[in-house]
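One structure is given here, and the rest of the page talks about it.
As the structure lists them, so they are numbered: ligands from 1, and atoms in each ligand from 1. We use all heavy atoms of the structure for the numbers below, so side chains are in, but hydrogens, waters and symmetry mates are not.
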Amino acid sequence: MLLSFGRHGGLQDLASLLALAVGAVMPLSVVAQAVPAVNEETGVSAYAFDMSQVTLSSSRWHDNQDRTLTYIKWVDVDRLLYNFRANHGLSTNDAEANGGWDAPDFPFRTHFQGHFLNAWAYCYAALKDTECRDRAVYFVEELAKCQANNEAVGFKTGYLSGFPETEIDLLENRTLSNGNVPYYAIHKTMAGLLDVWRHIGDTTARDVLLDFAAWVDERTSALSYTQMQNMMSTEFGGMNEVLADVFHQSGDERWLEVAQRFDHASVFDPLASNIDSLNGLHANTQVPKWIGAAREFKATGTSRYKAIASNAWNITVNAHSYAIGGNSQSEHFRAPDAIASYLKEDTCEACNTYNMLKLTRELWLTNPTETSYFDFYERALLNHLLGQQNPESDHGHITYFTPLNAGGRRGVGPAWGGGTWSTDYDSFWCCQGTALETNTKLADSIYFYDSSSLYVNLFTPSVLKWTKRGITITQKTEYPVGDTTTLTIAGGNGGRWTLRVRIPGWTSGATIKVNGKTVSNVDVTPGTYASVTRSWRSKDTVTVTLPMKLHTVVANDDDGIAALAYGPVILSGDYGDATLAATPTLELDTVKQVDGLEFEGTADGETVSLVPFYDAHGVNYNVYWETSGTLSA
Ligand SMILES: *[C@@H]1O[C@H](CO)[C@@H](O)[C@H](O)[C@H]1NC(C)=O
Ligand SMILES: *[C@@H]1O[C@H](CO)[C@@H](O)[C@H](O)[C@H]1NC(C)=O
């Protein structure tokens with residue numbers, strides 16, 4: 001801060017100087033934060049911190065974030081604007097067109113750009129990175145120009161896309177034949193605009209978004225209930241979610257009514273009755289609708305919405321998810337409990353897990369005594385999404401599927417999904433878009449609060465500025481390489497509140513120490529929140545230990561097939577470049593710890609190294625084994 005004062009002049013530095021003068025830890029700009037939502041959500045009993053209040057410290061997580069930030073600050077914004085400008089009759093500024101799923105002839109081009117808006121907004125919100133802010137603001141200004149030119153190109157007021165509005169006619173009259181999913185793309189653009197409005201405070205983003213929402217209202221209000229339901233047999237992303245969010249943000253009930261038009265009866269009705277009819281459905285088409293149901297519950301208090309969202313979560317997690325937390329094979333849900341029967345190259349589409357994490361967080365906020373939500377969140381984030389990004393790629397490139405076939409390898413898969421890692425300008429797959437968000441919001445679900453407590457849900461090196469209480473909490477940990485995390489409190493003037501720490505279901509013998517002494521009378525039962533209430537003083541240190549042990553995660557459909565885990569970490573066999581003809585048999589009684597998270601065991605008569613699956617890159621691996629014997633204690 002002092003260095004930057006030396007280099008630049010102007011208002012920014014005056015603010016920094018003032019902040020220093022009053023002894024504030026944070027720059028003043030943090031005070032002028034996001035635009036708060038007008039509507040108070042119904043049915044929630046815990047709250048997320050603003051993104052500006054939590055930052056990641058150095059770690060594997062931080063490395064992922066860095067790589068994605070490098071990409072979003074490097075990408076040529078004019079190339080990303082190409083399809084919008086071309087479609088709305090404006091000059092493309094001699095920019096080059098993109099390839100992959102943003103090529104000028106790709107049916108749902110511009111499905112991706114909204115994710116850049118989200119990620120730039122998160123980058124600015126969390127890090128006050130003005131480069132990210134400026135990119136978002138420029139992009140939105142250019143979108144506003146596209147939208148303003150609608151009359152000249154024959155589009156209705158408010159429309160905004162890289163494909164012509166006639167695609168919506170085709171969708172509505174059910175003659176759509178080119179595989180287009182226009183509302184799927186529109187949802188993402190709207191969600192991006194919303195984040196630029198609420199996290200950056202950009203009023204152009206607000207205006208473009210509200211005009212776009214009014215266009216959605218105009219189009220959908222002209223349809224009968226039956227026409228609307230028929231239209232929803234085409235993937236439409238989270239239109240109910242984003243419109244409910246526009247209601248929450250603006251307080252205008254009009255948007256809630258539009259959101260509810262996107263309630264898809266054939267998917268919602270069985271879920272409301274807790275019936276699993278997911279078999280055969282395109283998986284990622286459904287999850288955003290369930291997030292929408294959770295947002296609609298919080299807008300209306302209607303318990304049916306909550307039942308839909310929580311039943312969908314429970315069914316997906318318990319009957320359709322692999323050990324790493326992902327779901328789907330070839331993008332589709334299979335029969336309930338079909339796991340061992342679908343260990344293929346195209347398992348676990350990453351978007352589904354990104355969306356399941358959003359759903360998990362939404363549901364937990366309504367039920368913050370339930371630890372199973374964040375047990376799942378940790379499992380899926382750690383074992384699926386963390387390793388979805390290629391650590392060898394400075395631009396944070398990703399794999400679409402995470403193969404779970406014997407001898408699988410990240411960055412391979414069917415040719416239409418790339419068959420490789422994503423690229424700078426020639427992929428733009430859905431999973432590359434959602435990964436921009438995943439890796440720029442890794443700090444958003446570590447801590448939560450209510451009027452009397454602080455929740456610690458994830459064990460991630462980070463700093464929380466709990467500004468309301470004047471407290472800074474620093475979490476230091478090697479977790480999951482180590483089983484201990486330390487939370488150090490600074491400030492707060494002896495305020496009394498309760499620290500609630502998630503004690504995961506997989507641990508036993510957890511301990512909590514304050515200033516080195518075990519706290520008596522604290523219930524550390526696995527699958528509960530351990531609560532410590534006291535008048536906290538500056539420099540108080542809380543040490544949480546969550547002992548890990550080896551265990552198996554047995555496939556629901558075959559007792560003889562299992563993945564191996566140590567605490568929250570799924571371990572995989574490292575096969576280098578060797579191929580596997582069949583599922584190897586792991587002799588469980590031979591598995592022993594070598595060092596930290598490095599284990600070894602005997603599989604098919606050979607010694608195999610067993611390491612965290614999130615680090616299994618550049619090698620063929622094995623996750624699910626035929627098992628024999630039992631693990632030693
Ligand atoms: C459907 O919409 C398209 C695009 O506007 C139009 O060309 C076509 O005639 C419509 N078809 C029917 C059956 O209404
Ligand atoms: C959760 O889902 C599983 C698998 O479908 C089912 O057996 C169980 O009854 C469900 N639990 C609740 C509370 O609905």
Atom indices of ligand 1, in the order listed, that fall short of 4.0 Å to a heavy atom of T175: 1 (C)

Excluding sequence neighbours, so at least two apart, what forms side chain to side chain donor-acceptor pair (under 3.5 Å) with [X]?
X    : value
E172 : R219
N405 : none
N352 : N327, S328

May I ask you to check whether N173 has an N/O atom sitting below 3.5 Å from an N/O atom of ligand 1? yes

Ignoring angles and geometry beyond distance, decide whether D169 reaches within less than 3.5 Å of ligand 1 through its nitrogen or oxygen atoms. yes

For F613, does the six-membered ring have the charged nitrogen or CZ of R410 within the cation-pi criterion, i.e. under 6.0 angstrom from the centroid and within 45° of the normal? yes

If you count only heavy atoms, which residues are under 4.0 Å from ligand 2?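 Those residues closer than 4.0 Å to ligand 2 by some heavy atom are N274, N314, N318, A319.
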
If you compare all heavy atoms of K289 against all heavy atoms of M232, which two are closest, and at what distance to 0.1 Å?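 Heavy atoms of K289 and M232 come nearest at NZ-O, 4.3 Å.
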
Taking all atoms of both residues into account, what is the closest heavy-atom pair of E626 and T583, and its distance? N-CG2, 3.5 Å

To the nearest 0.5 Å, what is the distance between CD1 (I561) and CH2 (W625)?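 The distance works out to 11.5 Å.
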
